Amino acid sequence: ELKVEQNPLFLSMQEGKNYTIYCNYSTTSDRLYWYRQDPGKSLESLFVLLSNGAVKQEGRLMASLDTKARLSTLHITAAVHDLSATYFCTPGGGYGNKLVFGAGTILRVKS
Amino acid sequence: ETGVTQSPTHLIKTRGQQVTLRCSSQSGHNTVSWYQQALGQGPQFIFQYYREEENGRGNFPPRFSGLQFPNYSSELNVNALELDDSALYLCASSLAGGQGNTIYFGEGSWLTVV
């Protein structure tokens, strides 16, 4: 059974600082998704990582994937308040591409 | 804007009642998945539909059932509602076999069972 663990579960950081969220998963997967969720809202797609060594960047967020280590990271550069949200990683792939989510990481950026 | 629409957005039901939630998938997407997200938790996979057939099911009892229509839209039905069914229900739209890169979620339906 696929399990997903994110670290940390809660992250409080100052504006302007850098930090990394780690996502470990237990079984082989050929892709990894990152989503953002604002309170009371649905999931917004951030990144889809499709291969080992994939790196994608959008604004202050950069995601990477190491399929051999079953590890993905989401790096936050010079955090701003607007990045405050819950972030989920989820491996997908295979027929049907059903997603398994962990508990997510709650990010609070303090000004 | 993901092109995935869900209805209703909010509803309140009484324990024991039945509810139907609806989802229209993004144009061209033939696979619809449903997820339940309880407060403070990550989404949990309920089931998936592809070409009007159930294509995988999570750990949910049979009172959770669904349909997919020829236009790929879908319904989630929950019978004999329990208080623990209170949650955000999310519909996700994609292409079969992960051919499309992105899985898009609708805005969700908030269900409160009292």
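Not measured: the values here are computed from a predicted model. Because only heavy atoms are used, hydrogens play no part in the values below, and waters and symmetry mates are left out as well, while side chains stay in. Throughout, a chain's letter reflects where its sequence line sits, starting with A, and its residues are numbered from 1.
- In the hydrophobic clustering of ILVMFWY residues, with side-chain heavy atoms under 4.5 Å counting as a link, B/I46 and B/V113 come out together.
- Nearest approach of B/L88 to A/Q37, heavy atoms of both residues: CD2-NE2, 4.0 Å.
- Looking at A/F47, there are no atoms closer than 4.5 Å to chain B (heavy atoms on both sides), in backbone or side chain.
- Proximity to chain B (any heavy atom under 4.5 Å) is restricted, for A/L50, to the side chain, taken from C-beta onward.
- By the 6.0 Å contact criterion, CD on A/E15 is enclosed, its count of non-hydrogen atoms from other residues, nucleotides or ligands being greater than 12.
- A donor-acceptor contact shorter than 3.5 Å is absent between the side chain of A/Y35 and the backbone of B/F105.
- Hydrophobic clustering places A/L74 together with A/V109 (ILVMFWY residues linked when any side-chain heavy atoms are closer than 4.5 Å, directly or through intermediates).
- B/G42 and A/F88 make their closest contact through CA-CE2, 3.5 Å (heavy atoms, listed as atom of the first residue, atom of the second, distance).
- Summarising the local packing, CG of B/L39 is surrounded by 12 or fewer heavy atoms from other residues, nucleotides or ligands at distances under 6.0 Å.
- When the shell of 6.0 Å around CG of B/N71 is examined, it contains more than 12 heavy atoms from other residues, nucleotides or ligands.
- For B/E53, the CD atom sits in a loose shell: 12 or fewer heavy atoms of surrounding residues, nucleotides or ligands are nearer than 6.0 Å.
- Proximity to chain A (any heavy atom under 4.5 Å) is restricted, for B/Q41, to the backbone atoms N, CA, C and O.
- Other residues, nucleotides and ligands place more than 12 heavy atoms under 6.0 Å from the CZ atom of B/R63.
- In this structure, chain A has a heavy atom under 4.5 Å from the side chain of B/Q37, while its backbone stays farther away.
- With a 4.5 Å cut-off on non-hydrogen atoms, A/E44 does not touch chain B at all.
- Proximity of a side-chain donor or acceptor of A/S45 to a complementary backbone N or O of B/Y104 within less than 3.5 Å is not detected.
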Please list every donor-acceptor pair under 3.5 Å in which a side-chain atom of residues 9-17 of chain B meets a protein atom from a residue at least two apart or in another chain.
| from | atom 1 | to | atom 2 | distance (Å) |
| --- | --- | --- | --- | --- |
| B/Q17 | OE1 | B/T14 | N | 2.8 |

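- Taking every heavy atom of both residues into account, B/G56 and A/K98 meet most closely at CA-CE, 3.6 Å.
- Taking each heavy atom of A/L99 and B/F45 in turn, the nearest pair found is O-CB, 4.0 Å.
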